[in-house]
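The structure that follows is given in the form of structure tokens.
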Amino acid sequence: MKLLNEVVLGNQTLKNAIAMAPMTRSRANSEGVVQDLTVLYYTQRVSTGLIITEAINISEQAIGSPYTPGLYNQAQIEAWKKVTQSVHDKGGVIYAQLWHTGRVGHSVDKNGNLPVAPSAIGIQGQQHFTSQGMKDYETPRELTNQEIKQIVKDYGQAAKHAIEAGFDGIELHAAFGYLPNQFLSESANNRTDEYGGSVENRNRFVLEVMQELVNASGSDKVGIKLSPTIYYNNIENNDPESQFKPLIEALNELPLAYIHLMNAMFPLDNYPHYPKNVIETFGRVSNHLVIANAGYTKESGEAELEKGIAKIISFGSPFVSNPDLPERFEQDAELNQPDPATMYGGGEKGYTDYPFLEN
Ligand SMILES: Cc1cc2nc3c(=O)[nH]c(=O)nc-3n(C[C@H](O)[C@H](O)[C@H](O)COP(=O)(O)O)c2cc1C
């Protein structure tokens with residue numbers, strides 16, 4: 001089974017071709033510091049080739065949801081050190097996913113400050129989970145050119161902190177409608193400066209951040225997660241191929257570890273111009289190792305690897321409820337089903353208490 005074969009990622013050899021996809025679990029404290037339960041949670045999942053952490057806020061401004069962790073102060077770095085140390089002690093490899101939520105947040109969890117975004121365009125038709133319940137989105141404040149350049153630096157600083165905390169690498173969360181994805185989309189970005197108005201200008205922010213992350217952490221240690229055909233959080237592209245192919249070509253020029261591509265996840269009936277097969281359409285353009293994500297089972301993941309474009313498959317929700325997912329694949333064992341009620345927030349229930357296979 002290809003899923004269980006070793007894979008070379010950057011300068012490391014992963015024990016299998018299975019990655020744990022990044023998953024927000026909202027179990028940090030109110031200061032964005034991860035707790036000892038989080039050390040246990042990641043250590044339980046160490047039989048996977050690559051762990052990618054939950055999204056981690058690069059700054060206070062980046063925060064979108066309560067109880068999400070950060071990497072912008074020393075207490076947060078020290079807490080993550082316990083996670084990386086424990087994962088490394090058990091022979092695992094762990095990347096930190098870096099997050100700025102942009103307009104996907106609410107002032108009630110941002111000390112009264114409005115969320116910031118490429119343009120003052122709010123999300124319609126959805127609500128946001130806040131510490132005071134579900135709320136309509138506000139119209140975000142448009143970032144100045146100077147503020148954008150500061151955010152690029154904030155990403156670099158967070159990457160340095162991630163390396164200090166012992167992570168093997170960094171993933172930029174540029175998917176699912178968060179700040180980098182907002183820059184990439186005409187529906188969220190109508191800027192007229194160097195960061196908007198053309199394909200090249202919309203791609204500029206992501207490329208500047210990626211260069212900054214490489215400068216901060218070194219070659220072959222940086223990946224990026226993209227979702228070219230996901231319209232959640234009001235992200236729409238007139239033509240995803242003409243936006244994302246040049247982006248992926250430009251990423252080919254950087255010494256990256258991988259690109260992580262998400263399949264559509266939501267029906268594309270209203271988007272007939274969107275490409276149907278993300279891995280074939282966009283994965284083929286990349287010279288970097290491709291990680292394929294979203295909706296895979298053992299069988300479909302194996303079939304994807306057989307096609308030869310993706311070299312690793314990442315699994316999200318299966319890892320919520322199956323800490324030993326690779327062993328379950330190997331033994332053709334049944335999977336535990338995740339409980340949606342305990343996905344976000346709370347303690348050990350639905351976090352560290354899913355059963356392992358009995359030997
Ligand atoms: C509870 C939960 C939290 C998630 N949080 C994040 C996140 O912080 N960053 C991210 O890039 N994706 C996040 N995702 C998406 C997953 O990484 C993955 O893309 C998605 O679940 C599809 O993969 P799957 O079909 O194997 O679950 C989350 C998914 C779940 C279920």
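In each ligand, atom 1 is the first atom listed, and ligand 1 is the first ligand listed. Here the structure is a predicted model, which is why all the values come from computation and not from measurement.
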Near Ala294 (heavy-atom distance under 4.0 Å), the atoms of ligand 1 are 22 (C), 23 (O), 25 (O)
Closest to atom 20 (C) of ligand 1 (heavy atoms only, candidates Asn263, Ile52, Asn293, Leu172) is Asn293
#### Entry: Aromatic plane relationship, Phe205 with Phe183 - under 30° parallel, 30 to 60° tilted, over 60° perpendicular
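The arrangement is parallel - the two ring planes meet at less than 30°.
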Checking side chain to side chain contact (heavy atoms under 4.5 Å, CB included) between Tyr274 and each of Asp239, Ile230, Asn237, Thr281, which is the one that passes?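 Running side chain to side chain contact (heavy atoms under 4.5 Å, CB included) over Asp239, Ile230, Asn237, Thr281 with Tyr274 returns exactly one hit, Asn237.
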Margin query: Between Lys160 and Glu212, does any NZ, NE, NH1 or NH2 come within less than 4.0 Å of an OD or OE carboxylate oxygen?
Written below: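 No, no charged N to carboxylate O under 4.0 Å.
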Under-4.0 Å heavy-atom contact with ligand 1, by part of Met343 that carries it:
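The side chain, only.
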Are Tyr232 and Phe176 close enough, and set up right, to give a ring-ring contact (aromatic ring centres under 6.0 Å, His included), and what steps lead you there? CA-CA 6 Å; Tyr232 190 71; Phe176 223 67; 5.1 Å; yes
**Asked** Could an N or O of ligand 1 be found under 3.5 Å from any N or O of Gln97, whether backbone or side chain?
**Response**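 The answer is yes, given that Gln97 and ligand 1 share an N or O pair closer than 3.5 Å.
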| query | Does ligand 1 have a heavy atom under 4.0 Å from the side chain of Ala175, from its backbone, from both, or from neither? | reply |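 No part of Ala175 is near ligand 1 at this cut-off.
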| query | When the ring centroid of Tyr95 is compared with that of Tyr258, is the distance short of 6.0 Å? | reply |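 Under 6.0 Å, so yes.
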Self-check item: N/O separation below 3.5 Å, Phe315 to ligand 1
Solution: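 Among all N and O atoms of Phe315, none is under 3.5 Å from an N or O of ligand 1.
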Judged by heavy atoms only, the candidate from Thr342, Thr68, Thr24 nearest atom 4 (C) of ligand 1 is Thr24
Practice task
Using distance alone, decide if ligand 1 has a nitrogen or oxygen within less than 3.5 Å of any nitrogen or oxygen in Ser314.
Solution key: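 Between Ser314 and ligand 1 (N or O atoms, distance only) the closest approach is not under 3.5 Å.
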Exercise. Any idea how Trp99 and Tyr178 line up, ring-wise: parallel (<30°), tilted (30 to 60°), or perpendicular (>60°)?
Worked result: perpendicular
Looking only at protein heavy atoms, what sits closest to atom 26 (O) of ligand 1 is Gly316 N, 2.7 Å
Under a 4.0 angstrom heavy-atom cut-off, which atoms of ligand 1 come close to Gly295?
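This gives 24 (P), 25 (O) as the contact atoms.
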In this structure, atom 31 (C) of ligand 1 is nearest to the protein heavy atom Met23 SD, 4.0 Å
Practice task
Indicate yes or no: does an N/O atom of Pro318 lie under 3.5 Å from an N/O atom of ligand 1?
Solution key: no
Exercise. Classify the angle between the aromatic ring planes of Phe244 and Phe282 as parallel (below 30°), tilted (30 to 60°) or perpendicular (above 60°).
Key: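 The rings of Phe244 and Phe282 stand perpendicular, inter-plane angle above 60°.
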N or O pair under 3.5 Å between Tyr296 and ligand 1: no
Original post:
Can we say Lys110 and Glu138 salt-bridge, meaning some charged N sits less than 4.0 Å from an Asp/Glu carboxylate O?
Top reply: no
Quick note on ligand 1: atoms under 4.0 Å from a heavy atom of Ala55 include exactly 8 (O)
Fill in: Numbered atoms of ligand 1 (with element) below 4.0 Å of His173, judged on heavy atoms
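So the atoms of ligand 1 that pass are 9 (N), 10 (C), 11 (O).
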| said: Are any of the N/O atoms on Pro22, whether in the backbone or the side chain, positioned under 3.5 angstrom from an N/O atom of ligand 1? | reply: yes
Could you give me the CA-CA distance, side-chain angles and deciding distance for Ser47 and Asp324, then say whether side-chain hydrogen bond (donor to acceptor under 3.5 Å, both in side chains) is met?
CA-CA 7 Å; Ser47 66; Asp324 51 358; over 6 Å; no
Taking the basic N atoms (NZ, or NE/NH1/NH2) and the acidic carboxylate oxygens, is any pair closer than 4.0 Å for Lys82 and Asp36?
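A salt bridge links Lys82 with Asp36.
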Check: What part of Tyr344, side chain, backbone, both or neither, has a heavy atom within less than 4.0 angstrom of ligand 1?
Finding: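 The answer is the side chain of Tyr344.
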request  = Using a strict 4.0 Å threshold on nitrogen-to-oxygen distance, state whether Asp332 and Lys298 make a salt bridge.
outcome  = yes
Ligand 1 N/O within reach of Lys225 N/O, cut-off under 3.5 Å = yes
